[in-house]
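Step one of this worksheet: look at the structure below.
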2 protein chains.
Amino acid sequence: MKEREENLPVCEHDEVHAEHVSLARAAMPCEETLYELADFFKIFGDSTRISILFAIDGEPMCVCDIAELLGMTKSAVSHQLKILRQSDLVRYKKSGKNVYYSLADDHVRDIIEKALDHIKE
Amino acid sequence: MKEREENLPVCEHDEVHAEHVSLARAAMPCEETLYELADFFKIFGDSTRISILFAIDGEPMCVCDIAELLGMTKSAVSHQLKILRQSDLVRYKKSGKNVYYSLADDHVRDIIEKALDHIKE
DNA sequence: CAAACGGTTGAATAATCGTTCAACCGTTAT
DNA sequence: ATAACGGTTGAACGATTATTCAACCGTTTG
């Protein structure tokens, strides 16, 4: 029977769906993992940062040259590099007045490669 | 006090760096690809959408049940489902009053799996 | 038929995010 | 020491974006 009063704004779930929901909930990762995943993907969700990652793939590059390559200010590039740094996606090495950035590991390449596969479908 | 007597605000690149920039530029994907990549990752860069993808992994689910599972309104879920639909990340099948959503293909699973690897390091 | 439900949609609001601008720091050279 | 350069940073602005709210559509049921 109907267990709830009327004027409930949300839909009433019958037994089958409730079971369905329970099963799905049990298979879900914890909330923290979901946020970490989203935050991780958010990093790649900007064309400037993607461009930077491609730029420093291969040889390390200094901020000034990245800025010139992308046609952006050093400030804008530095801001994005900070985000990439905080996410451990890039490494840097100081040399005199310059700071040279490179990819942190091959993991980054793998993920972008997978995404390229999907786009090129 | 800062004054600008010389009028070159950007740094002057010597020959070595200019060559470096040229090489990096030649290895870069075209601009359109960079935008497509960023847009693709942007989809995953939201915890609600990530949650939805996990929810419909396994068995297909209707909007109402997804909304209950995530503790959100049907409207909010539907808006996000539209984005996932437009990106071909999910499929849907109408059945009576319900619309059942499921993952479009295994590609989605692969990419999330890769990201999980990186997070769990 | 009309009411009820699942689902979608557009406009509005609030929060998030990227770039610009100006100032600043450390290193190198004058 | 002073100036110039590469790089970083914080605040402010503009753009983007997720959620809410209200209205609406199609299907099923009474």
Side-chain angles (χ1 to χ4, degrees), chain A residues 2 4-14 16-17 20-21 35 38-39 41-52 60-68 70-87 90 92-101, chain B residues 1-14 16-17 20-21 35 38-39 41-52 60-68 70-87 90 92-101:
Chain A
K2 297 302 152 197
R4 299 289 244 260
E5 266 91 15
E6 56 272 338
N7 47 351
L8 258 178
V10 295
C11 72
E12 314 249 13
H13 300 271
D14 58 32
V16 178
H17 284 191
H20 219 146
V21 170
Y35 276 105
D39 286 342
F41 281 119
K42 219 172 286 181
I43 310 284
F44 294 89
D46 178 73
S47 60
T48 296
R49 287 191 289 267
I50 287 278
S51 300
I52 291 177
M61 289 188 82
C62 66
V63 178
C64 203
D65 286 343
I66 297 175
E68 210 233 333
L70 305 186
M72 300 179 62
T73 65
K74 287 176 293 180
S75 176
V77 171
S78 183
H79 275 294
Q80 300 307 330
L81 280 170
K82 185 180 188 178
I83 295 176
L84 295 171
R85 229 186 301 136
Q86 291 172 335
S87 309
V90 301
Y92 67 96
K93 198 187 60 171
K94 296 183 182 174
S95 171
K97 288 189 290 185
N98 297 305
V99 181
Y100 289 88
Y101 283 85
Chain B
M1 317 325 211
K2 264 197 165 181
E3 299 184 2
R4 65 173 40 186
E5 33 251 51
E6 311 304 316
N7 38 5
L8 262 179
V10 294
C11 71
E12 314 251 12
H13 298 273
D14 59 31
V16 178
H17 284 190
H20 219 143
V21 171
Y35 277 105
D39 286 341
F41 282 119
K42 219 171 286 182
I43 310 283
F44 293 89
D46 178 74
S47 60
T48 297
R49 287 192 289 269
I50 288 277
S51 299
I52 291 176
M61 287 188 83
C62 65
V63 178
C64 203
D65 286 342
I66 297 174
E68 211 234 333
L70 305 185
M72 299 178 63
T73 64
K74 286 176 293 180
S75 176
V77 171
S78 184
H79 275 294
Q80 299 307 329
L81 279 170
K82 184 180 188 178
I83 295 176
L84 294 172
R85 230 186 300 137
Q86 290 170 336
S87 309
V90 301
Y92 65 97
K93 199 188 58 169
K94 297 183 183 174
S95 172
K97 289 188 290 185
N98 296 305
V99 181
Y100 289 87
Y101 283 86

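Between the CG atom of N98(A) and the P atom of dC25(C) there is a distance of 20 Å, rounded to whole Å. Rounded to an integer number of Å, the gap from D39(A) CG to dT16(C) C1' is 12 Å. Atom CG of L70(A) and atom C1' of dT20(C) are 16 Å apart (whole Å). A straight line from NZ of K82(A) to C1' of dG10(D) spans 9 Å, rounded to a whole angstrom. Residue K42(B) contributes atom NZ, which lies 9 Å from atom P of dG18(C) at whole-angstrom precision. Between I43(B) atom CD1 and dT17(D) atom P there is a gap of 9 Å when expressed in whole angstrom units. For the pair D46(A) CG and dT16(C) C1', the computed distance is 13 Å after rounding to whole Å. Rounded to an integer number of Å, the gap from OH of Y92(A) to C1' of dG26(C) is 14 Å.
Side chain of V99(B), nearest nucleotide from dG7(C), dT9(D), dG7(D): dG7(C). The nucleotide whose nearest atom lies closest to any side-chain atom of H79(A) is, among dA11(D), dG7(D), dT9(C), dA11(D). When the nucleotides dA18(D), dG7(C), dT19(C) are ranked by their closest atom to the side chain of M72(A), dT19(C) comes out on top. In the set dT20(D), dG6(C), dT8(C), the nucleotide with an atom closest to the side chain of A76(B) is dT20(D). Distances from the side chain of K97(A) to the nucleotides dC5(D), dC17(C), dT9(D) place dC5(D) closest. In this structure, of dG18(C), dG7(C), dT9(C), it is dG7(C) that holds the atom nearest to the side chain of K74(B).
Remark: K94(A) is not in phosphate contact with dT27(C), judged by side-chain N or O atoms under 4.0 Å from OP1 or OP2. Checking the phosphate oxygens (OP1, OP2) of dC17(C), no side-chain nitrogen or oxygen of Q80(A) falls inside 4.0 Å. For dT9(C), the OP1/OP2 oxygens have no side-chain nitrogen or oxygen of S75(B) closer than 4.0 Å. A close approach under 4.0 Å does not occur between any side-chain nitrogen or oxygen of Y101(A) and OP1 or OP2 of dG6(D).
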Show your reasoning for whether side chain to side chain contact (heavy atoms under 4.5 Å, CB included) applies to I66(A) and M72(A).
CA-CA 8 Å; I66(A) 297 175; M72(A) 300 179 62; over 6 Å; no
Could you walk me through whether I83(B) and Q80(B) pass side chain to side chain contact (heavy atoms under 4.5 Å, CB included), step by step?
CA-CA 5 Å; I83(B) 295 176; Q80(B) 299 307 329; 3.7 Å; yes
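Residue L81(B) is the one, among L81(B) and T48(A), whose nearest nucleotide of DNA chain C lies closer to the 5' end (criterion: closest heavy atom). With the nearest nucleotide of DNA chain C identified for both I83(A) and R85(B), R85(B) has the one nearer the 5' end.
Residue T73(B) places no side-chain atom within donor-acceptor reach of the base of dC21(D), judged by atom type and a 3.5 Å distance cut-off alone.
When all heavy atoms of A67(B) and V77(B) are compared, the closest pair comes out as CA-CG2, 3.8 Å. In this structure, V63(A) and Y101(A) approach most closely via the heavy-atom pair CG2-CE1, 3.7 Å. When every heavy atom of V90(A) is checked against every heavy atom of L81(A), the shortest pair comes out as CG2-O, 4.3 Å.
Note: F41(A) and F41(B) have parallel aromatic rings, judged against thresholds of 30 and 60 degrees for the angle between ring planes.
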